[in-house]
Amino acid sequence: MARLFGFRLKDKQAGKNLISDDSDNGCEEEISGLSQLYCPQQDSATNIRDVADVLSEMGKITDAQLSKVRGIHKERANCDICQIIAELKLADKVEISTAQASLYGFEFRQVEPEQVDREAFSKLDPDYIKSNRIMPIAVRDNNLIVATSRPADLFVIEDVKSQTQMNVEAFVCPDEDIDKICSTFETFEDKKSDYNLDDIMGDMADVEVVQDKQDDSEDLEQMAGQSPVIKFVNYLISNAVREGASDIHIEPKEKIMKTRYRIDGVLFEMMESPLKMHPAIISRIKIMANLDISERRLPQDGKIKVNIGGRGIDLRVSTLPMNHGEKVVIRVLDSKSIMRGLEQLGMEPDVTASFGEQVALPHGILLVTGPTGSGKSTTLYSALCQMDGDKLNISTVEDPVEYELDFCNQVQISEKIGLDFASSLRSLLRQDPDVIMIGEIRDNETARISVQAALTGHLVLSTLHTNDAASSITRLVDIGIDSYLIAASLNAVLAQRLVRKICTKCKKTYRVPEKMREYIKRAGIKVKKFYHGGGCDDCRGSGYVGRVGIYELLVIDDAFREMINKDSSVNNMRRLFHKSKHQSLFDDGLMKVKQGLTTIEEVLRVTEVYGKNENEVFVENDELKKTEV
């Protein structure tokens, strides 16, 4: 069997080859050497030599400890004996790996990143290395030297031989060595792409597409397939993910092509490129998104799936004809940022508790409101993650499905074929749902079906585009829903915004500007020190890194239901909201200021500032001013 793998098994204790290509009785020695891996004639598991036996022979564990390990392993038959030894802290990871190497006849070595040949490492995909715990180290003649932390998995070694078409020589290394080297090489590749930008731009200088002909789609496709174009687009996308950008804007101007990233809600200009590069780059993106590269007069939408650093990233592509060419906006959807618990969203403890109670209700409507990019989808997905997907039929209707959730049944809207929100909801209600999440309530029919679903025993979660929680009720009335139906079905409304957090690297105290000082006095904020970011390389000179949510939660009680039936105007809803002592968006923003997470200027950028009197509201424009509601 070992001849198939192209490596030799060695018995470290006996000091001889168990399998030798020069031996006349190689088969007998092979069976003798591998009988410890699998021997069907032996009925008792205690007769099979394992890692615990080796550690005992090495003097690492006593007979009493060995008996204890055997007892636990007998009770937990499906548990790996190495895990039991580690849990009991009878041996460290290096000692366990050394015992595994000895058991299966391999050499044990620890590996440092500088010992690994990058060309050899690249012979296997990084995801394959991580999942199978086998890593190429070097190439000698036609032999591939690999390190593995799973010496028992001989079939993986055979698979490596098949993939690389090389003989394999294996040794055992600790599991953490593989993780450390993979991380080092990924970081190296990230940095390397930065260094190669000038080379890519130099190669792109020779790429140009002349668009004088009526139909030059063949030229576009040819240019889009050139290596410099592919490298440039790959750089734009991978660099955006590394920078934490939510959107990539590619904008044609009169003489240049401007590329900007939206990071933490604000656009940063990343580079300017010659305009002649624009057609080929746009065509490359269209090809990746399966769009029509010959159509440049009408807007198009598509999506791309990419894998960056072992993470699956979804890209939503939107094109729009402009006077100097097509503008492309690519939205970056990273599943890593969406799967969060409610406690990680930045809600205050009382808001988290109240919102959790609303999510646990058996029926009714729960709305999340805010502008585009305010984190509504993240909040809804986090709410769904609190539910028991095994016991509940959770279904979503989205346009588009932003993130795939294993515990949900997700419907992708396609209005081209007549599959809109309303028709999907009607069909979904015949699928015995418990919880329904709707991407957005945007018309009367969708709202009406949602209300009917809530009144017939379903919990409905959805989003709405309004400025605050109180105005959501007025918005539903404007859509055409009767007030008494809103009062009967609506459970709560959560309004939210995202504010930028102060950069921790350049965070320092500062003197609040005079116009802000007047406002602080009116608002009754008592904070000894105020902080802001001075600006550094880590925050691109902005003083902010990352974002945190601010929230206001309106729970519909009897007083609100009565007011909805009586007069659901925005003024009345807001007055009642403040009389009920609910915390507003701005109040929650002040809490973040007091905690030193953000600045007053940032809170004022995204919120209306309500005063202590429910009949007045402060609005920050060029300077602080008071206006009547």
Side-chain angles (χ1 to χ4, degrees), residues 190-191 194 236 239-249 251 258-272 331-332 334 336-337 340 344-348 370-375 378 496-552 584-609 618-625:
D190 286 350
K191 291 180 178 178
D194 289 339
L236 285 184
N239 191 51
V241 173
R242 286 195 304 274
E243 294 284 346
S246 61
D247 300 271
I248 305 170
H249 290 244
E251 305 166 329
K258 183 183 293 186
T259 302
R260 298 191 289 173
Y261 291 165
R262 185 176 295 279
I263 302 173
D264 296 334
V266 178
L267 283 169
F268 290 87
E269 184 172 334
M270 303 306 293
M271 69 180 74
E272 290 183 355
R331 168 151 288 191
V332 182
D334 185 358
K336 183 179 179 182
S337 65
R340 299 183 180 181
Q344 297 176 295
L345 296 178
M347 296 181 184
E348 295 301 314
T372 301
S374 59
T378 299
Q496 68 179 73
R497 300 289 189 277
L498 292 176
V499 294
R500 293 179 292 171
K501 293 194 295 184
I502 299 172
C503 175
T504 56
K505 297 291 180 64
C506 58
K507 183 177 181 179
K508 61 182 180 180
T509 58
Y510 82 121
R511 183 178 177 83
V512 179
E514 196 61 40
K515 63 178 181 180
M516 297 296 174
R517 192 180 303 278
E518 180 185 354
Y519 167 71
I520 292 169
K521 184 177 179 181
R522 290 180 180 179
I525 304 176
K526 295 181 180 179
V527 181
K528 292 183 179 180
K529 293 181 179 179
F530 289 90
Y531 297 91
H532 78 154
C536 64
D537 292 340
D538 285 356
C539 62
R540 304 169 194 83
S542 67
Y544 300 96
V545 170
R547 290 188 289 179
V548 65
I550 58 175
Y551 304 88
E552 66 178 27
S584 70
L585 283 168
F586 184 71
D587 293 332
D588 194 31
L590 292 185
M591 293 296 295
K592 303 298 189 291
V593 173
K594 292 178 181 179
Q595 295 164 11
L597 293 176
T598 189
T599 62
I600 294 177
E601 292 89 342
E602 182 66 11
V603 174
L604 293 173
R605 183 179 68 87
V606 299
T607 65
E608 288 183 323
V609 188
F618 298 101
V619 182
E620 177 66 17
N621 290 323
D622 295 332
E623 60 182 10
L624 194 67
K625 59 183 180 180

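- With respect to Thr607, the side-chain contact (heavy atoms from CB on, under 4.5 Å) criterion is satisfied by exactly one of Asp588, Asp587, Ile550: Ile550.
- Proximity of Arg547 to Lys501: side-chain heavy atoms (C-beta onward) are nowhere separated by under 4.5 Å.
- The closest side-chain heavy-atom distance from Val606 to Leu498 is not below 4.5 Å.
- Contact check for Tyr261 versus Leu236: side-chain heavy atoms found under the 4.5 Å cut-off.
- A distance-only check finds a donor-acceptor pair linking the side chain of Glu552 to the backbone of Leu585 [under 3.5 Å].
- Here the NZ atom belonging to Lys507 is positioned 6.0 Å from the OH atom belonging to Tyr531, to the nearest 0.5 angstrom.
- Between Gly346 and Val548, the shortest heavy-atom contact is CA-CG2, 4.0 Å.
- Cation-pi geometry between Arg260 and Phe268 is not met at under 6.0 angstrom from the ring centre and within 45 degrees of the axis.
- The salt bridge (charged side-chain N to carboxylate O under 4.0 Å, His left out) search around Arg500 returns Glu602, not counting sequence neighbours.
- Atom SG of Cys503 is separated from atom CZ of Arg540 by 10.0 Å, given to the nearest 0.5 angstrom.
- Side-chain contact check for Lys505 versus Asp538: some heavy-atom pair is nearer than 4.5 Å.
- Between Leu590 and Val603, every side-chain heavy-atom pair lies at or beyond the 4.5 Å cut-off.
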Candidate pair Glu269 and Lys258, rule side-chain contact (heavy atoms from CB on, under 4.5 Å), full reasoning
CA-CA 7 Å; Glu269 184 172 334; Lys258 183 183 293 186; 3.7 Å; yes
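- Put simply, the side chain of His249 does not reach to within 4.5 Å of the side chain of Thr259, judged on heavy atoms.
- Side chain of Tyr551 to backbone of Arg497: no donor-acceptor contact under 3.5 angstrom is found.
- The distance from atom CD1 of Ile263 to atom OG of Ser246, rounded to the nearest 0.5 Å, is 8.5 Å.
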Passes side-chain contact (heavy atoms from CB on, under 4.5 Å), Leu597 versus Ile502? Steps please. CA-CA 6 Å; Leu597 293 176; Ile502 299 172; over 6 Å; no
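- Every residue meeting the side-chain contact (heavy atoms from CB on, under 4.5 Å) condition with Arg331, not counting sequence neighbours, appears here in chain and number order: Asp247, Arg316, Leu333, Thr372.
- Residues Gln595 and Glu348 are in side-chain contact: their nearest non-hydrogen atoms beyond the backbone lie under 4.5 Å apart.
- Closest approach of Cys506 to Gly535, counting heavy atoms only: SG-N, 3.2 Å.
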Exercise. Does the pair Tyr510 and Phe530 meet the rule for a side-chain contact (heavy atoms from CB on, under 4.5 Å), with working shown?
Worked result: CA-CA 6 Å; Tyr510 82 121; Phe530 289 90; 3.9 Å; yes
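- Val499 has its side chain out of reach of Tyr544: every pair of non-hydrogen atoms, C-beta onward, lies at least 4.5 Å apart.
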